[in-house]
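One structure is given below, encoded as structure tokens.
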Amino acid sequence: MAENSLPTNFVQNAIEEDLAKGKYSGGVHTRFPPEPNGYLHVGHAKSICLNFGLAERNQGLCNLRFDDTNPTKEDTEYVDSIKEDIKWLGFSWDDRCFYASDYFGKLYEYAEKLIEKGLAYVDDLSAEEIRAHRGTLTEPGQESPYRGRSPEENLTLFRQMKAGEFPDGSRVLRAKIDMAAPNIVMRDPVIYRIARAHHHRTGDAWCIYPMYDFAHPLSDAIEGITHSVCTLEFEDHRPFYDWLLDVLDFNVNERPRQIEFARLNLTNTVTSKRKLRQLVEEGHVRGWDDPRMPTISGMRRRGFTAAAIRKFCEEIGVAKSNSVVDVAMLEHAVRDDLNLKADRIMAVLHPLKVVVTNYPAGQTEYLVAENNPNGEDGSHFVSFGREIFIETEDFMEEPPKKFFRLKPGGEVRLKHAYIIKCEEVIKDEAGHITELRCTYDPESKSGGATANRKIKGTIHWVEAATALKAEVRLYDYLLTTDDKGNLPEDFIAGLNPNSLEVIENALIEPWAKLTAPGKHYQFLRTGYFVTDPDTTPEHLVFNRVVGLRDTWAKVANK
Ligand code: ATP
Ligand code: MG
């Protein structure tokens, strides 16, 4: 797409204003800063598209930075999955993968500088006491009795903290700002704590760790980030971001600027890493990449394409206030993308046997089936014989008026093949339909004398002798309630008990045997499907990506 035809957004506008003022002479530089404490989800996809997208659009760079300042929750498994997901989405950080922990040494030096300037102090109050002293929105906080310590004393104590001379939680380092500040974040925030925790990268080298609010602005500044794009909950933290860079003398025209945007919330979808972890750990799903999960790895396994997710992120735009996006819009983007790419095949999910009584036993013929209506993806052969299977629901013994599929004495067209007529219904002792006896019109296939005979319904089918058995997994939303982005803590109680339906014995065209995991199909009349990684040569497994019905297109066209 041409650069100037991209829809603009307020972050891009802010960047252009900065550049017009002559700021950031070195060019635009953004970052995507995940905390490696879980797998990325669809909300992160939005942040990735935004940050890497802004860099691309302004001929700049985007770093990947792991915000690993909280050692107890982090793990290299998450680091690896995050890298894989970003690459899969189609973005590259080149050689710029960094870790906040790379800067622990520098961050420590900045903390000493603050102490020397009289702008930070060691506080002996407990976490509880600090909370109690903080005040409220309407009342100012109370100063700690340790606030008046001299820079020399603070420096000695801070070095002792670092040397491991005090127990965990016994002291903290706080910025010295203003306990009466209207913004609570500015009431002497804690910037270092003592925690003897093993870090996934620095091991046991440190027993003090910087707080996120201290590490983040400085990591941005160290990397030469120009625009630090984050979600709205950090708006109140921006004054501290700016204060810190100010007092540490970072050049106003080159130092990073924080800009907040609204996080993505989706209907029927969990977008909190913590809650997603709960789903995994309590076994409500098979893992982080369960196709029902809105994680990037879950969406990938489900068969959502990277192109569709990127398109969706572009279409929803960037907002300044929180809202909830209809998940149907994401599904619409997926359908739109797969429509052009997915090969069409026939698959019968709930088979009902049909014997074509006037078709010679032992005869097979091959009919041509187009792979995609775009006409550019070639065709394949479909075999036809005396015994076939159709979808159970495509036959009704006592159908309502407008039922244009198969009924006793009625005719229907078999896709790519002949018109058949139902002559007899066979039932077992319990009265269940086990088989249909039909006749076919030999002249009704493509090119035949009655090929164009008017028949209201066309159904899909597979030949009994050659069809392959397949396991088909159908998914529904994990959440049936529309949570408006505010999921209650006990959301587990409201989980959809029918979010997974497994069909063990579906039948598909043998053409799909050549399938590798991740290959997309449209099962005619049924939906979009993808081969699951569980597939083996002996056991085919398909996931339903999305159905064919597009509720979003309907809403959007109203
Ligand atoms: P969660 O609330 O799910 O735990 P998080 O914000 O703690 O997410 P991080 O790893 O810190 O997760 O997020 C990395 C980046 O992705 C941050 O810049 C964050 O603002 C952004 N991000 C997280 N969730 C969303 C979302 N729903 N929409 C847009 N951006 C998001
Ligand atoms: Mg976070």
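First listed ligand is number 1; within each ligand, the first listed atom is number 1.
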Taking the minimum heavy-atom distance to atom 7 (O) of ligand 1, which of His216, Arg65, Lys273 ranks first? Lys273
Do you know which of Phe240, Phe234, Trp243 makes side-chain contact (heavy atoms from CB on, under 4.5 Å) with Val185? Phe240
With a 4.0 Å cut-off on N to O distance, would you call Arg473 and Asp534 a salt bridge? yes
Can you pull out every salt bridge (charged side-chain N to carboxylate O under 4.0 Å, His left out) where at least one residue sits in residues 198-222? Sequence neighbours excluded, please. Arg31-Asp220, Arg65-Asp220, Asp102-Arg201
Are any of the N or O atoms of Glu233 closer than 3.5 Å to those of ligand 1? no
Any atoms of ligand 1 less than 4.0 Å from a non-hydrogen atom of Thr271? List them with their elements. 3 (O)
Does a donor on one side chain sit under 3.5 Å from an acceptor on the other, for Tyr39 and Asp85? no
Less than 4.0 Å is my threshold; does some heavy atom of His41 fall inside it relative to ligand 1? yes
Taking the minimum heavy-atom distance to atom 20 (O) of ligand 1, which of Leu264, Ile82, Thr231 ranks first? Thr231
Numbered atoms and elements of ligand 1 in range of His44, under 4.0 angstrom, heavy atoms: 8 (O), 9 (P), 10 (O), 12 (O), 13 (O), 14 (C), 16 (O), 22 (N), 23 (C)
Under a 4.0 angstrom heavy-atom cut-off, which atoms of ligand 1 come close to Pro33? 14 (C), 18 (O)
Does ligand 1 come near enough to Glu35 that some N or O of the ligand is less than 3.5 Å from an N or O of the residue? yes
Applying the salt bridge (charged side-chain N to carboxylate O under 4.0 Å, His left out) test to Asp188, which of Arg134, Lys176, Arg147 qualifies? Arg147
Before signing off on this row, confirm whether Arg31 and ligand 1 have an N or O atom pair separated by under 3.5 Å. no
N/O of Asn37 under 3.5 Å from N/O of ligand 1, yes or no? no
Has Phe261 got any heavy atom lying under 4.0 angstrom from an atom of ligand 1? yes
Closer than 4.0 Å to some heavy atom of Ser272 - which atoms of ligand 1 meet that? 3 (O)
Validation row: Phe98, Trp93 side chains within 4.5 angstrom (heavy atoms): no
With heavy atoms under 4.0 Å as the rule, classify the contact between Phe32 and ligand 1 as side chain, backbone, both or neither. side chain
Kindly indicate whether a cation-pi arrangement holds for Lys162 with Tyr108, taking the cut-offs as under 6.0 Å to the six-membered ring centre and within 45° of the axis. yes
Answer yes if the side chains of Thr231 and Glu260 hold a donor-acceptor pair under 3.5 Å, and no otherwise. no
Taking the six-membered ring for Trp, are the ring centroids of Tyr521 and Phe529 within less than 6.0 Å of each other? no
